[in-house]
Amino acid sequence: MAIQITFPDGNQKSFDAPISGLAIAQGISPGLAKKAAVIQVNGELWDLTRPIDRDATIAIVTRDKPEALEVIRHDAAHVLAQAVQELFPGTQVTFGPSTETGFYYDFARDTPFTEMDLEAIENKMRDIVKRDLPITREVWDHKTAVEHFEKAGEKFKAEWIRDGIAADEELTIYKQGDNWLDMCLGPHLPSTGKLGTAFKLIRVGGVYWRGDANNAQLQRITGVCFANDDDLKAYLKMVEEAEKRDHRKIAKQLDLFHQQEEAPGMVFWHPKGWAIWQVVEQYVRGVYKKSGYQEVRGPQIMDVSLWKKSGHWDNYQDNMFFTESEKRTYAVKPMNCPGHVQIYNAGLHSYRDLPIRYAEFGGCHRNEPSGALHGIMRVRAFTQDDGHIFCMESQVEGEVTAFHSQAMKVYSDFGFTDLAVKLALRPDKRLGTDEAWDRAENALRAALSAAGVAWEELPGEGAFYGPKIEYHLKDSIGRSWQVGTIQYDPMMPERLDAVYVDENSQRIRPIMLHRAIVGSMERFIGILIEHHAGSLPFWLAPVQVVVAPIVSDADGYAKEVCELLKDANLRANTDLRNEKINYKIREHSVQKVPVIAVVGRKEAEEKTVTLRRLGEERQVTMPLADVAKHLLG
RNA sequence: GCCGGGAUAGCUCAGUCGGUAGAGCGACUGAUUCGUAAUCAGUAGGUCGGAGGUUCGAUUCCUCUUUUCGGCACCA
């Protein structure tokens with residue numbers, strides 16, 4: 001039986017017997033065989049050592065290709081697992097996939113691994129690479145696999161195969177050398193030596209078996225892995241740089257805010273941090289006005305009965321704060337919507353009035369799980385740029401598309417372009433009928449289509465009252481944060497009895513759209529700080545200009561310049577300390593002040609100012625009268 | 001919430017194999033009046049996160065606790 005192999009260039013060759021990818025590569029050139037990682041066979045990735053037993057179109061995948069990198073990383077996970085089991089007998093394996101930057105493997109072991117163990121494990125990994133163990137693929141039947149893993153004391157693996165894989169399915173087993181194996185779909189490299197040296201274990205941490213908090217806790221060891229050492233080095237450098245932008249670190253350096261033990265998950269805003277907040281708030285207030293919102297304000301606490309009516313108590317009582325007075329229990333508001341409904345309900349509305357749009361910088365408290373708290377990105381007291389649109393069903397699409405373009409404009413104004421749009425669909429725990437959810441989800445899909453955006457759908461992640469569109473921003477170390485959202489809610493008007501009167505004098509339920517653009521002010525400012533590494537653009541900088549006299553004879557003139565800048569609504573300070581100009585320049589540069597205005601005797605005499613922009617050495621001298629206009633222009 | 005690592009001067013960190021702690025920067029005082037990223041000298045500053053325990057003696061060891069960091073789970 002001849003096997004016909006078709007190469008990427010269209011050439012064909014036939015072989016008398018099954019042939020491995022490695023042999024084919026060697027037939028082309030030894031150099032190719034050396035660089036080869038896997039082989040693509042009829043569109044599928046195969047091991048180089050797996051005999052090709054059928055006619056096939058093939059392509060050798062060299063280790064510099066993205067598909068190969070995934071295989072290399074997956075191999076690293078296996079080598080990690082073998083290393084751990086050699087060093088710590090009795091440790092059970094579970095899963096170990098490749099990730100965006102490397103790999104991890106989850107182990108079951110009574111004693112958790114420590115950072116100290118990582119070095120030993122990594123050394124053992126390098127040893128296994130050096131041993132260059134052949135990696136071989138075998139096909140087992142279901143029963144053999146379950147028996148093997150049970151006998152080996154691999155309870156998690158056995159459970160997974162027994163409960164997670166159909167009994168008639170064949171399983172592939174990969175062996176590394178003679179003494180170690182794991183069940184895996186593959187493909188893998190031909191031997192452990194091919195893994196190379198560009199990997200590093202970076203952390204350990206607890207995880208739940210199959211991602212469920214009710215299950216056993218496993219130990220995850222995470223590593224990074226690349227095709228070559230230069231890529232690894234570049235990645236580690238990038239991480240190091242990213243860590244320098246951590247908003248918690250920068251907030252301390254620039255004196256923006258602090259947090260302390262007595263108020264976990266809450267923020268003490270210092271003058272400079274609050275100055276940033278004010279700029280963001282005033283900007284968003286402008287957006288409210290432009291897009292037809294009326295700003296309102298609801299109370300911070302309301303009787304718990306209202307939250308029972310709204311459905312929040314059922315869903316979130318564990319995460320709400322309560323307070324008591326005169327035998328009544330109040331909930332500190334975790335959301336602004338019930339308050340806005342009360343404002344809406346205070347009058348009777350005609351269909352002619354819709355849509356009615358309310359907005360609020362709504363302070364909310366949520367008792368987030370302690371482990372979730374993270375700087376000002378995830379807090380227990382936060383402020384939303386919240387808004388609620390009461391409208392007819394026919395108005396939803398227009399409102400959502402208008403919101404979308406407004407939101408995108410806001411993000412780009414703040415310097416963000418890397419956004420992902422997601423549509424979160426009905427969760428298990430929800431209010432309302434399936435028909436209502438169908439209508440709600442389709443309305444949001446229609447609006448997104450009309451806006452011409454690409455989106456990702458997230459089944460099961462909607463709010464209990466309705467589906468939502470989410471806007472996600474990436475931070476400096478690649479973490480994704482949700483900022484904006486618009487949510488379709490037919491339930492809250494029902495529960496809290498909101499109505500409008502239609503053209504037939506009938507009382508009809510409006511649809512409520514919950515929406516936020518920056519989301520949490522706290523989180524958004526945190527992202528801003530990291531995104532700009534503390535060097536906020538001029539319009540956002542807490543201190544925009546420092547006026548620094550060279551020696552004290554220009555102090556009076558410096559004050560005069562500063563007053564003029566303040567009159568022009570610029571955030572300006574003077575630095576009259578008895579320090580050298582070099583010292584002042586350095587200090588305000590480190591403090592990320594965008595403009596330093598240096599004035600000496602010369603400037604004072606000529607009524608000019610010399611400006612130095614952050615990061616530039618170039619100096620520009622201009623008449624005092626032009627300075628404010630120049631800076632604001 | 002769960003698993004693990006931390007918490008020492010305002011900040012960044014060192015240190016004590018159990019005998020109540022040290023640096024740099026900052027602050028303060030003085031000198032210096034200087035043209036674009038750190039002038040010099042001196043001084044002050046810490047119940048070593050909190051509460052128990054072991055001990056002649058605890059910042060150090062143990063227990064509990066608060067909080068923080070990383071991971072997971074959660075995120076209306």
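Just the heavy atoms: all of them, side chains too, but no hydrogens, waters or symmetry mates, feed the values below. All chains are named by letter (A, B, ...) in the order of the sequence lines, taking the proteins before the strands, and each is independently numbered beginning at 1.
- Taking only side-chain nitrogens and oxygens, Tyr583(A) never comes nearer than 4.0 Å to OP1 or OP2 of U33(B).
- Not a single donor-acceptor contact under 3.5 angstrom links the side-chain atoms of Arg109(A) to the base of C3(B).
- In this structure, Arg248(A) reaches the C69(B) phosphate: one of its side-chain N or O atoms is under 4.0 Å from OP1 or OP2.
- Looking at Tyr208(A), its side chain has no donor and acceptor atom pair within 3.5 Å of the base of G71(B).
- Ion pair Glu530(A)/Arg245(A) not flagged as a salt bridge, since none of the NZ, NE, NH1 or NH2 atoms sits closer than 4.0 Å to an Asp/Glu carboxylate oxygen.
- Computed from coordinates, the Leu254(A) CG to U12(B) P distance equals 13 Å when rounded to whole Å.
- Using a 4.5 Å cut-off on side-chain heavy atoms (C-beta onward), Pro549(A) and Leu576(A) make contact.
- Atom-to-atom, NE2 of His258(A) to C1' of C11(B) comes out at 14 Å; the value is rounded to the nearest Å.
- Nucleotide G22(B) has C13(B) as its partner under the Watson-Crick or G-U criteria, with both atom distances under 3.5 Å.
- Rounded to whole Å, the P atom of G19(B) lies 11 Å from the corresponding atom of U59(B).
- A side-chain hydrogen bond (donor to acceptor under 3.5 Å, both in side chains) check over residues 363-372 of chain A, counting only residues at least two apart or in different chains, returns the pairs Asn367(A)-Arg380(A), Glu368(A)-Arg378(A).
- Between the side chain of Glu603(A) and the base of G35(B), a donor-acceptor pair under 3.5 Å is found.
- The base-pairing partner of G42(B), taking Watson-Crick or G-U wobble contacts with both distances under 3.5 Å, is C28(B).
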